[in-house]
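Note sheet for the following structure.
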Amino acid sequence: MMSSPSHPRSGRRARLEPLLLLAALPLTWTCHYGFQGGGGFPSHIRTLYIQPLENQTAQFELEQLLFARLLERVPRALGVRPAGRELADAVLTGRIMRYDDVAQSYRAGDPSGQATVVAHQVQIAMEVQIIDARQNVILWEASNLTGRGEYQPATQSNQDGRSKAIDHLVQQIVDGAQSQW
């Protein structure tokens with residue numbers, strides 16, 4: 001801060017101002033670091049394009065559900081903004097490889113010998129890459145992520161299990177991308 005000629009600084013104040021500025025520098029570095037690049041990406045990564053997913057399953061709506069959840073959660077969790085492909089600093093690509101809905105646990109059978117399914121588990125397997133679009137380098141990849149979500153068929157639907165499995169997948173992607181930095 002410059003003092004005007006009409007208000008000269010006292011000698012003590014002139015010596016304290018540089019010390020106060022030095023004391024404040026770590027605070028500005030901390031704040032700057034927290035917002036630049038965010039979430040663990042290199043500092044030049046500020047925008048992310050999430051490419052529509054490739055789906056190798058018979059669950060045709062799965063790619064749209066997973067894409068929407070990725071778009072909703074990943075940029076914010078990684079501290080970047082969504083962007084179009086041409087403007088993005090990084091690109092997330094993915095392929096859904098498998099969808100299973102399997103009985104997980106059973107209750108002892110009734111007098112006719114039929115067992116009752118108590119819980120199902122939805123499993124969604126995919127591979128993911130996050131690519132630095134400017135330097136054409138893979139920032140992070142996973143070849144076999146599996147999201148799991150359980151549901152009880154007596155009170156819930158397979159959509160409940162699928163939603164939990166999608167959330168689990170998205171969290172794994174965020175955790176994996178952040179673990180690199």
ILVMFWY cluster, Ile131 and Leu145 together (side-chain gap under 4.5 Å): no
Is Leu139 reachable from Val74 through a run of I, L, V, M, F, W or Y residues, each pair having side-chain heavy atoms under 4.5 Å apart? yes
Checking side chain to side chain contact (heavy atoms under 4.5 Å, CB included) for the pair Met97/Asn144: CA distance, chi angles, key distance, verdict? CA-CA 9 Å; Met97 302 178 312; Asn144 194 19; 3.8 Å; yes
Are the side chains of [X] and [Y] in touch, meaning some heavy atoms are under 4.5 Å apart?
{"X": "Val80", "Y": "Ile45", "result": "yes"}
{"X": "Pro75", "Y": "Ile50", "result": "yes"}
{"X": "Ile173", "Y": "Leu92", "result": "yes"}
{"X": "Asn55", "Y": "Gln64", "result": "no"}
{"X": "Arg162", "Y": "Leu62", "result": "yes"}
{"X": "Leu48", "Y": "Val91", "result": "no"}
{"X": "Glu150", "Y": "Lys164", "result": "no"}
{"X": "Leu169", "Y": "Met126", "result": "yes"}

Verify whether one side chain among Gln121 and Gln123 offers a donor that lies under 3.5 Å from an acceptor in the other.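 Yes, because at least one side-chain N or O of Gln121 sits under 3.5 Å from a partner of the opposite role on Gln123.
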Just checking, any donor-acceptor pair under 3.5 angstrom between side chains of Gln56 and Arg98?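 Distance-only check fails for Gln56 and Arg98.
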Distance, nearest 0.5 Å, that separates [atom1] of [X] from [atom2] of [Y]:
{"X": "Gln51", "Y": "Leu70", "atom1": "CD", "atom2": "CG", "answer": "12.0 Å"}
{"X": "Ile166", "Y": "Gln159", "atom1": "CD1", "atom2": "CD", "answer": "10.5 Å"}
{"X": "Ile96", "Y": "Leu66", "atom1": "CD1", "atom2": "CG", "answer": "5.0 Å"}

Pairs meeting criterion ring-ring contact (aromatic ring centres under 6.0 Å, His included) with involvement of residues 57-82, two or more places apart: none
Answer yes or no: is there a donor N or O on one side and an acceptor on the other, between the side chain of [X] and the main chain of [Y], under 3.5 Å?
{"X": "Gln172", "Y": "Thr146", "value": "yes"}
{"X": "Trp140", "Y": "Gly176", "value": "yes"}
{"X": "Asp160", "Y": "Ser157", "value": "yes"}
{"X": "Glu63", "Y": "Arg95", "value": "no"}

Any residue meeting salt bridge (Lys or Arg N to Asp or Glu O under 4.0 Å) with [X], in chain and number order, not counting sequence neighbours:
{"X": "Asp101", "result": "none"}
{"X": "Arg69", "result": "Asp167"}
{"X": "Glu54", "result": "none"}

Walk me through it: do Val128 and Glu141 pass the test side chain to side chain contact (heavy atoms under 4.5 Å, CB included)? CA-CA 5 Å; Val128 179; Glu141 68 181 331; over 6 Å; no
Can you sort out the partners of His120 under ring-ring contact (aromatic ring centres under 6.0 Å, His included), two or more places apart, ordered by chain and number? Tyr151
What pairs with Tyr49 under ring-ring contact (aromatic ring centres under 6.0 Å, His included), at least two apart in sequence or on another chain?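 Applying ring-ring contact (aromatic ring centres under 6.0 Å, His included) to Tyr49 gives none.
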From the list Gln135, Arg134, Arg81, side-chain hydrogen bond (donor to acceptor under 3.5 Å, both in side chains) with Asp89 holds only for Arg134
For a quick test of reading the model, state the closest non-hydrogen atom pair linking [X] to [Y] and the distance between them.
{"X": "Pro153", "Y": "Val118", "value": "CD-O, 3.4 Å"}
{"X": "Val122", "Y": "Ala165", "value": "O-CB, 3.8 Å"}
{"X": "Ile130", "Y": "Ala90", "value": "CG2-CB, 4.3 Å"}

Quick one, Gln171 with Asp175, criterion side chain to side chain donor-acceptor pair (under 3.5 Å). Give me CA distance, side-chain angles, the key distance, then yes/no. CA-CA 6 Å; Gln171 189 60 52; Asp175 291 346; 2.8 Å; yes
